[in-house]
Amino acid sequence: MAVSAVTATGATFLSRLVGHIHSRFLAPCSQVSCLHTAAVLNTKNWERKNRIIYSPQQKDEPPRPAEIFHCRYQIKYSKDKMWYLAKLIRGMTIDQALAQLEFNDKKGAKVMKEVLLEAQEMAVKHHNVEYKSNLYVAESFSTKGKYLKRIRYHGRGMFGIMDKVHCHYFVKLVEGVPPTVEQKTAFDQAKEYVEQLKSRTIIHSL
């Protein structure tokens, strides 16, 4: 009787052990647990700003414009090349930005256009924006992604180190008309610089 009880316990233990090994090593891994996918990267701080809940407004207050934060991570492109395109569309309306990127033959322009269209669709579906053309690019910038070191082979047994670069792109759309930027002349900038020099405080001076 005791031998049969020990045998049953051992069989149960072995079955649990085999099931654990199969689920741990042999079962196909899920997309989120095994790969660094966009589903994991979407939990960054930039897109969390879409979840901000504001307090109710008073009747005499102007309506608060909708703000849409969107991004794309690990783009196979240089952050410095992406920066020029990001600066190009900064302050433009959404239609102007899409038109500029449409006729730009750079690789980053296609990626940025896709991100802008995704953000525009988010504005209509999730942020109650009535007209999808009533948006402008308030912020647009790129940051450094992961850099992978690889070997570049040369002749005579020599080699060098090359980088496989990636970047992140962030954009913020705001509902309404873009604000007008005051254009300053060179004389105005020089005058402000001189006033800044006059108003500075030099410590340990006479």
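Numbers here simply count residues along the sequence, with the first being 1.
Exactly one residue among Met92, Met112, Gln120 makes a side chain to side chain contact (heavy atoms under 4.5 Å, CB included) with Leu98. That residue is Gln120.
What you find for Arg72 and Glu114 is that their closest heavy atoms are NH1-OE1, 2.9 Å. Residue Lys79 comes nearest to Ser142 through the heavy atom pair O-OG, 3.0 Å, listed as atom of the first residue, atom of the second, then distance.
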**Q.** Working for side-chain contact (heavy atoms from CB on, under 4.5 Å), residues Lys106 and Leu101
**A.** CA-CA 9 Å; Lys106 295 184 181 297; Leu101 297 174; over 6 Å; no

Q.
Does His70 form a side-chain contact (heavy atoms from CB on, under 4.5 Å) with Glu47? I'd like the steps, not just the answer.
A. CA-CA 6 Å; His70 195 46; Glu47 291 192 331; 3.0 Å; yes

Q: Kindly determine whether Leu197 and Glu195 satisfy side-chain contact (heavy atoms from CB on, under 4.5 Å), including the steps that lead there.
A: CA-CA 5 Å; Leu197 291 179; Glu195 292 295 332; over 6 Å; no

Q.
Let's go through Arg150 and Leu148 carefully: what are the C-alpha distance in whole Å and the side-chain angles of both, what is the deciding distance for side-chain contact (heavy atoms from CB on, under 4.5 Å) to 0.1 Å, and is it a yes or a no?
A. CA-CA 6 Å; Arg150 292 296 182 264; Leu148 303 177; 3.9 Å; yes

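When the salt bridge (Lys or Arg N to Asp or Glu O under 4.0 Å) test is applied to Lys81, no partner is found at least two apart in sequence or on another chain. Residues satisfying the side-chain hydrogen bond (donor to acceptor under 3.5 Å, both in side chains) test with Asn104, not counting sequence neighbours, are none. Listed by chain and residue number, Ser133 satisfy the side-chain hydrogen bond (donor to acceptor under 3.5 Å, both in side chains) test with Asp95 (two or more places apart in sequence, or in another chain). Qualifying side-chain contact (heavy atoms from CB on, under 4.5 Å) partners for Gln183, counting only residues two or more places apart in sequence or in other chains: none. For the side-chain hydrogen bond (donor to acceptor under 3.5 Å, both in side chains) test, residues two or more places apart in sequence or in another chain that qualify with Lys184 are Glu192. Residues passing the side-chain contact (heavy atoms from CB on, under 4.5 Å) test with Glu130: none are found, sequence neighbours excluded. Annotation: side-chain hydrogen bond (donor to acceptor under 3.5 Å, both in side chains) contacts of Arg90 (sequence neighbours excluded): none.
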Considering only distance and modelled atom types, tabulate donor-acceptor pairs under 3.5 Å from the side chains of residues 157-166, sequence neighbours left out.
unit_1	atom_1	unit_2	atom_2	d
Asp163	OD1	Lys149	NZ	3.3
His166	ND1	Lys146	O	3.1

Listed pairs under 3.5 Å, donor-acceptor, residues 167-181 side chains, sequence neighbours left out:
unit_1	atom_1	unit_2	atom_2	d
His168	ND1	Gln74	N	3.1
Tyr169	OH	Ser140	OG	2.8
Glu175	OE1	Ala66	N	3.3

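When hydrophobic residues (I, L, V, M, F, W, Y) are linked wherever their side-chain heavy atoms come within less than 4.5 Å, the members clustered with Tyr54 are Ile52. In the hydrophobic clustering (ILVMFWY side chains linked at under 4.5 Å, chained through shared members), Tyr84 is joined by Trp83.
No continuous path of ILVMFWY side-chain contacts below 4.5 Å connects Ile68 to Val124, so the two sit in separate hydrophobic clusters. One hydrophobic cluster holds both Val129 and Met122 under the rule that ILVMFWY side chains link at heavy-atom gaps under 4.5 Å. Follow the hydrophobic side-chain contacts under 4.5 Å out from Ile89 and you reach Tyr77 in the same cluster. Linking ILVMFWY side-chain heavy atoms closer than 4.5 Å, directly or via other members, places Val111 and Tyr73 in two distinct hydrophobic clusters. No continuous path of hydrophobic side-chain contacts links Val137 to Phe69 [ILVMFWY only; heavy atoms under 4.5 Å].
You'll find the side chain of Lys49 stays beyond 4.5 Å of the side chain of Glu67, heavy atoms only. Contact annotation: the side chain of Leu116 approaches that of Ile94 to within less than 4.5 Å [non-hydrogen atoms, C-beta and beyond].
The environment of Gln189 atom CD is dense: over 12 non-hydrogen atoms of other residues, nucleotides or ligands sit within 6.0 angstrom. Around NZ of Lys87, the count of heavy atoms belonging to other residues, nucleotides or ligands within 6.0 Å does not exceed 12.
Figure legend: cation-pi geometry between Lys144 and Tyr147, with NZ or CZ positioned under 6.0 Å from the six-membered ring centre and within 45° of its axis.
Note that the CD atom of Gln96 and the CG atom of Leu88 stand 10.5 Å from one another [nearest 0.5 Å].
Note on Glu121 versus Lys125: salt bridge recorded, some NZ/NE/NH1/NH2 to OD/OE distance being below 4.0 Å.
For residues 152-162, no residue pair satisfies the side chain to side chain donor-acceptor pair (under 3.5 Å) rule, not counting sequence neighbours.
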